[in-house]
Amino acid sequence: MSISIQPVENYLDSLNHAQQQAVTATEGPVLVVAGPGSGKTRVLTYRIAHLIEKGVAPWNIMALTFTNKAAKEMQARIEKVVGPRANRVWAGTFHSIFARILRVEAQHIGYPSNFTIYDTEDTKSVIGTIINEMNLNKEQYNVNAIRSRISSCKSNLISPKLYQERAEFTQEDRQAKRPFVGQIYEKYTARCKRSGAMDFDDLLFRLYELLQNHPEVVEKYQQRFTYLLVDEFQDTNHLQYAIVRKFVSYDGSPRNICVVGDDAQSIYSFRGATIQNILDFEKDFKAHGIQTFKLEQNYRSTEHIVQAANQVISHNKRQIQKTIFSDKGEGQKIKVIKAMTDSEEGKRVADMILEQKNRHHLANKDIAVLYRTNAQSRVFEEYLRHYNIPYRVFGGMSFYQRKEVKDLIAYLRLAVNPHDEEALRRAINYPRRGIGNTTLDKISAAAAQADVTMWDVLTTVPTGARASGALHDFKSMIAQFGEKAKNDDAYEAAMSIARQSTLIDLLKQDTTVEGIQHLDNVTGLLDGIKSFVEDDVLDGGRETADSGWPTRPGEVEDREYPASHDKSLAAYLQNIALVTDLDQTDTTDDFVTLMSVHAAKGLEFKSIFVAGLEEQLFPSFMAMDTPEGLDEERRLFYVAITRAEQFLTLSYANSRYRYGQARFNSPSRFLDEISAANLDAETPIRNQAVATIGRPGRESPQNETRCSSGVRGNFKRPGPLQNVMRADPKTFKPNPSEQIQTGMKVLHLRFGEGKVLAIDGARDKRVATIFFQELEDEKQKRIMLKFAKLQIIG
DNA sequence: GAAGTGATGTTTTTT
DNA sequence: ACATCACTTC
């Protein structure tokens, strides 16, 4: 392909007719319907470059994407055409761009500018706490269900107030036997606000409210963003479109808005995305001379693949008419692997990968295995590891979701915003400092009572003497961390917080295999913060670039928006809250990619494997009951096969383990939707394959230790710790607990001989701190005397 | 307070 | 199958 570096003058020459039109129609509303591989990103980037060439200031252009990756790629490609001033274009995800605006305008809506961003975990935890506090039944009030209901409310512009006013909702809830959902929603919203926190949906919803209620603010941004572009428009939800409209719909607006999308690739309706937006867009801007362009030539895939894709998608009724074609030649027919079991599927796919690498000289990074659910990755991992083929799994647990990483981040978050209750709950007794659930409940109740945060009442709530001391210590420690966060750069601050919170010490004490892994992860986090501080490349253009560029109104104003030069802890946290693993791919490494079909959207590979093509799985049993659900599954399949450039292999298994039990499914109906003319006739089921179904581990158990790229620790757990008898049960005679005093030597059935270092608490709440010589790692134990069986031996 | 046990739900996709 | 969570036991 000839994309890379185009001389500035003739970048238009490299485009086909439809693409050129889409690039040069800069004024007024434009809808670009772009099939897979049709050069959509190219059109978007050239369009922006073209605007800049025509004299539009980069900071007057806002380009909204769905993923950070897409935004980065766009920015990089604009830079190739127009140079470093590309950095001043407001290109980013909906969430990140809106967060940036909200930081500046926070005071208008009663938020601090360093507000915390709650991830899904935090959200669920808050909702869980509220359900607890309201004494509601956990089965009826399922946290996940409530969370998604609240989320979809926000996506549809329904505030808590509106929710409780509308009979349709209250009635529906009453029928579902959960009449308090509205109240939970209201409390949740209030609590987030009190904590100075926004969840993902709030980044959109709060911005909408801001633009709605503050004419002077909305005007400022309407004037600022004179050119608006939206990528993957089919995946926007109602709320996102409402915000976009706010920016461009006002009296005298030139309505320079360009949306690019493909209704056939809409795969996010489960989180509120709706193709209705495309239809509405045509309607909403009809009066303003909307221009529509269709990009129908596919430059990615060979003909068999494109034809198969067209056949599949033609089974969907409602769609924008278009004809995708390719002139890249017939290419290879599509192969189908029929396996007996999921394990055999894994083996056959790995075999085929090996064969393709040899026969067609493919690199690992030319190959991807796509599946419907992340849980399917395991069998492929097993066999790829067995064959020593490097691979990487995307999705599943992200780095930032790991417990030890979240633990440290909780402290960092507290340092920046001590009102962040989720961080407080996480950090307050880990490492242990004697602030148990009882104390926590008291604080929580007092905070709710006074309508303030837990931080506000931390040291004013009456508790036991011990807890009270611990709370004072904790509060002053966090306050001290807060000073560091304010004065030091992110790395210095994080480093000393990691040390002084004693989190690092705690991790170092754990010498098990996982323990070392945990410490590695935390070190990795700290390294990440370090490179955040040191990295001035990422957005450096803001400071130094384009000195020859004339100063315009707006340029000075631009400095109002926090950017790369902000190396504070607050800036770092803002950054990572909206980042996923996918965004930090090191493209120099050569590995096979394993990911869900959703995650693969927007990517392309020479060779694609789509696995698990079975009824109930793909299409998913969750979606296949309704026509709309099935259509979306089909679009998902369409996305999957159109990722392939030259080789496409589909696979399925007759039986597969789900929930620990073998299930039998028939081949996916989607397979029947591809004409036999595009399928490889010979699809041999080798007898020999059946004979070697056994797991690789069984054949050569030693092999596991050498796996080069083992990302997920398949290590054995070390079993119950120290479950060895250290004292002879026959001669063991425990003393009554009242007799135990500080300084005594005692014998414990399992822990052996120990010395009582201290005792705290009174009567039946006495807790002894005992030093056990014979224990390996954690020699000091705190033992509740009421239950402990200890024999005094001196 | 800590550790071990049994019950339960989870698995569709993600900013 | 696996992880999380309420519950029991020391």
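Throughout, protein chains are lettered first and strands after them, A, B, ... in sequence-line order, and every chain is numbered starting at 1.
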Phosphate OP1/OP2 of C:dA1: any A:R378 side-chain N/O under 4.0 Å:
no
I'd like to know if [X] and [Y] make a salt bridge, using a cut-off of under 4.0 Å between side-chain N and carboxylate O.
X      : Y      : answer
A:R635 : A:D631 : no
A:E209 : A:R206 : yes
A:D199 : A:K124 : no
A:D201 : A:R271 : no

Cation-pi, A:Y141 ring and A:K177 (6.0 angstrom, 45 degrees):
no
Sequence-distant partners of A:R432, side-chain contact (heavy atoms from CB on, under 4.5 Å), two or more places apart:
A:N429
Please report the distance, rounded to the nearest Å, between NZ in A:K403 and C1' in C:dA3.
15 Å
Write down the distance between CZ (A:R663) and P (C:dA1), rounded to a whole number of angstrom.
13 Å
Only Watson-Crick and G-U wobble pairs with both distances less than 3.5 Å should count. Give DNA chain B in dot-bracket notation, marking inter-strand partners with |.
||||||||||.....
Assign A:F66 to base, sugar-phosphate, or nothing according to its heavy-atom contacts below 4.0 angstrom with the strands shown.
sugar-phosphate
Which is true for A:S96 with a 4.0 Å heavy-atom rule: it touches a base, it touches only sugar-phosphate, or it touches nothing?
nothing
Of all heavy-atom pairs linking A:T93 and A:A71, the shortest is N-CB, 4.4 Å
Table of protein N/O atoms under 3.5 Å from nucleotides 9-13 of chain B N/O atoms:
unit_1	atom_1	unit_2	atom_2	d
B:dT10	OP1	A:N142	ND2	3.4
B:dT12	O2	A:R372	NH2	2.2
B:dT13	OP1	A:N374	N	3.4
B:dT13	OP1	A:N374	ND2	3.4
B:dT13	O2	A:H598	NE2	3.3

So, applying salt bridge (charged side-chain N to carboxylate O under 4.0 Å, His left out) with A:R656, which one of A:E344, A:E615, A:E345 is it?
A:E345
